[in-house]
J.: 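For reference, the structure I am asking about is given below.
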Amino acid sequence: TEWLHLLRFQYARRSPALHAAFPCPMPERFTQSARARKARAAAADAPDDILPSMNEKALLRAEVLARRDAIPLEERTRRSEAICYALAQLVASSCVCDATAADSGAPVIAVYAAMRSEVNVDPFVSAAYAQGWVVCFPCMVLDDGEQRACMEFYRVSPRRMAHAREAFLSHPLRRFSRDALESEGYEPVNPRDLDVVAVPLVAFDDAGGRLGYGGGNYDRLLPRLRPDALAVGVAFEEQRVKAVPREPHDALLPRVVRG
């Protein structure tokens, strides 16, 4: 019946007279984006006690990601470079260097490998290497016998970037064995040793609210940082919203570099 209604709608569009005589709105299912339909389906399966907040987050996530995806690639590249420059200036001017955090005394910087339409922080990574900073990337790791993976950061030197991209950076959602990573020579970093964390996000507001992808990885990481560590979100202006729905476990992110 729904497909018949859709065919009738398409025919009516081609025949103004028929459409005027028999108004036929497009079925709602076909006016929603695939991402929005998926968000509604996920929210529908949530327990009743968290349904309102989860539903709000799912719908907002779908809406903001659609806006971010719509930014043309060339413009996204140019704006990512401007954001990276501002981020590098912020880090350089902040007193975040802890001599105990790394053997060299250089600040330890946590970044990420951009996926889909996220802000590309590669220019910032290049600037960090040029300054002699220690750069770390996140990876989802799973110990033997564990069912749930957790996000941990691993040091990646400039000479190992190509290998790291092939090993795990190009697969941000894949789960890796902790032992396998360490056998490849990748050294894990304690969150207390992180001086700066560049936080990817889906949406943010002016009150420090941050909306991620729903895994809670950064909500668990941020409270484990030192009080003097700098946690800063990176985003496009299109990701700014009036208010991000919050739950008790959501960690605030008061500083966002955007462009």
J.: Please determine which of E74, E237, E238 meets the salt bridge (charged side-chain N to carboxylate O under 4.0 Å, His left out) test together with R79.
T.: E238

J.: Return yes when atom CZ of R255 has more than 12 non-hydrogen atoms of other residues, nucleotides or ligands closer than 6.0 Å, and no otherwise.
T.: no

J.: Quick check against the 3.5 Å criterion: does Q239 have a side-chain atom that pairs as donor or acceptor with the backbone of L201?
T.: yes

J.: Going by side-chain contact (heavy atoms from CB on, under 4.5 Å), name the residues that satisfy it together with L173, two or more places apart in sequence or in a different chain.
T.: M115

J.: Quick check: closest heavy atoms across A229 and L194, and the distance to 0.1 Å?
T.: CB-O, 3.5 Å

J.: What's the shortest heavy-atom distance between R220 and G215, and which atoms?
T.: NH2-O, 3.0 Å

J.: Heavy atoms only: give me the nearest A243-L60 pair and the separation to one decimal.
T.: O-CD2, 4.2 Å

J.: Can you tell me how far OG of S183 sits from CZ of R178, rounded to the nearest 0.5 angstrom?
T.: 13.0 Å

J.: Relative to the ring of F168, is the ring of Y186 parallel (under 30°), tilted (30 to 60°) or perpendicular (over 60°)?
T.: perpendicular

J.: Checking I83 against V257 for the side-chain contact (heavy atoms from CB on, under 4.5 Å) test, could you report, in this order, the C-alpha distance in whole Å, the side-chain angles of both residues, the deciding distance, and whether it holds?
T.: CA-CA 6 Å; I83 291 171; V257 175; 3.9 Å; yes

J.: Atom CZ of R165 and atom CZ of F137: how far apart are they, to the nearest 0.5 Å?
T.: 6.0 Å

J.: Could you point out which residue of V91, L230, V134 forms a side-chain contact (heavy atoms from CB on, under 4.5 Å) with I109?
T.: V91

J.: Hey, is CD on E75 packed in by over 12 heavy atoms from elsewhere, all under 6.0 Å?
T.: yes

J.: How many angstroms lie between atom NZ of K57 and atom OH of Y213, to the nearest 0.5 angstrom?
T.: 15.0 Å

J.: Tell me whether D195 is salt-bridged to R226, with the criterion being a basic N under 4.0 Å from an acidic carboxylate O.
T.: yes

J.: Which word best sums up how the rings of W133 and F124 line up, parallel for under 30°, tilted for 30 to 60°, or perpendicular for over 60°?
T.: tilted

J.: May I ask you to test the S117-I71 pair for a side-chain heavy-atom distance under 4.5 Å?
T.: no

J.: Side chains of N120 and T77, heavy atoms from C-beta outward: is any pair under 4.5 Å?
T.: no

J.: Donor-acceptor pair, S80 side chain versus R76 backbone, under 3.5 Å?
T.: yes

J.: Could you check Y218 against L253 for side-chain contact (heavy atoms from CB on, under 4.5 Å), going step by step and ending with a plain yes or no?
T.: CA-CA 10 Å; Y218 283 90; L253 188 67; over 6 Å; no

J.: Please identify each residue that fulfils side chain to side chain donor-acceptor pair (under 3.5 Å) with Y85, with sequence neighbours left out.
T.: none

J.: With rounding to the nearest 0.5 angstrom, report the CE to CG distance, M151 to N217.
T.: 5.0 Å

J.: Quick one: pull up CG in N190 and CZ in R224 and give me the separation to the nearest 0.5 Å.
T.: 7.0 Å

J.: Would you mind telling me which of L222, D219, V244 makes a side-chain contact (heavy atoms from CB on, under 4.5 Å) with D250?
T.: D219

J.: Under the criterion side-chain contact (heavy atoms from CB on, under 4.5 Å), I'd like the reasoning laid out for R246 against L252: C-alpha separation, chi angles, the key distance, then a yes or no.
T.: CA-CA 9 Å; R246 293 186 201 165; L252 293 178; 3.6 Å; yes

J.: If you take all heavy atoms of R192 and P227, which pair is closest and at what distance?
T.: NH1-CD, 4.1 Å

J.: Quick one: CZ on F153 to CG on L221, what's the gap to the nearest 0.5 Å?
T.: 5.5 Å

J.: Which residues pass the side-chain contact (heavy atoms from CB on, under 4.5 Å) test with P188, sequence neighbours left out?
T.: E152, Y154, E182

J.: Could you walk me through whether F204 and R240 pass the side-chain contact (heavy atoms from CB on, under 4.5 Å) test, one step at a time?
T.: CA-CA 5 Å; F204 68 95; R240 182 181 180 184; 3.4 Å; yes

J.: At their closest point, which heavy atom of L142 faces which heavy atom of A149, and how far apart are they?
T.: CD1-N, 3.7 Å

J.: Between D205 (side chain) and V241 (backbone), is there a donor-acceptor pair under 3.5 Å?
T.: no

J.: Looking at every heavy atom in both P200 and E118, which two are closest together, and how far apart are they?
T.: CB-OE2, 3.8 Å

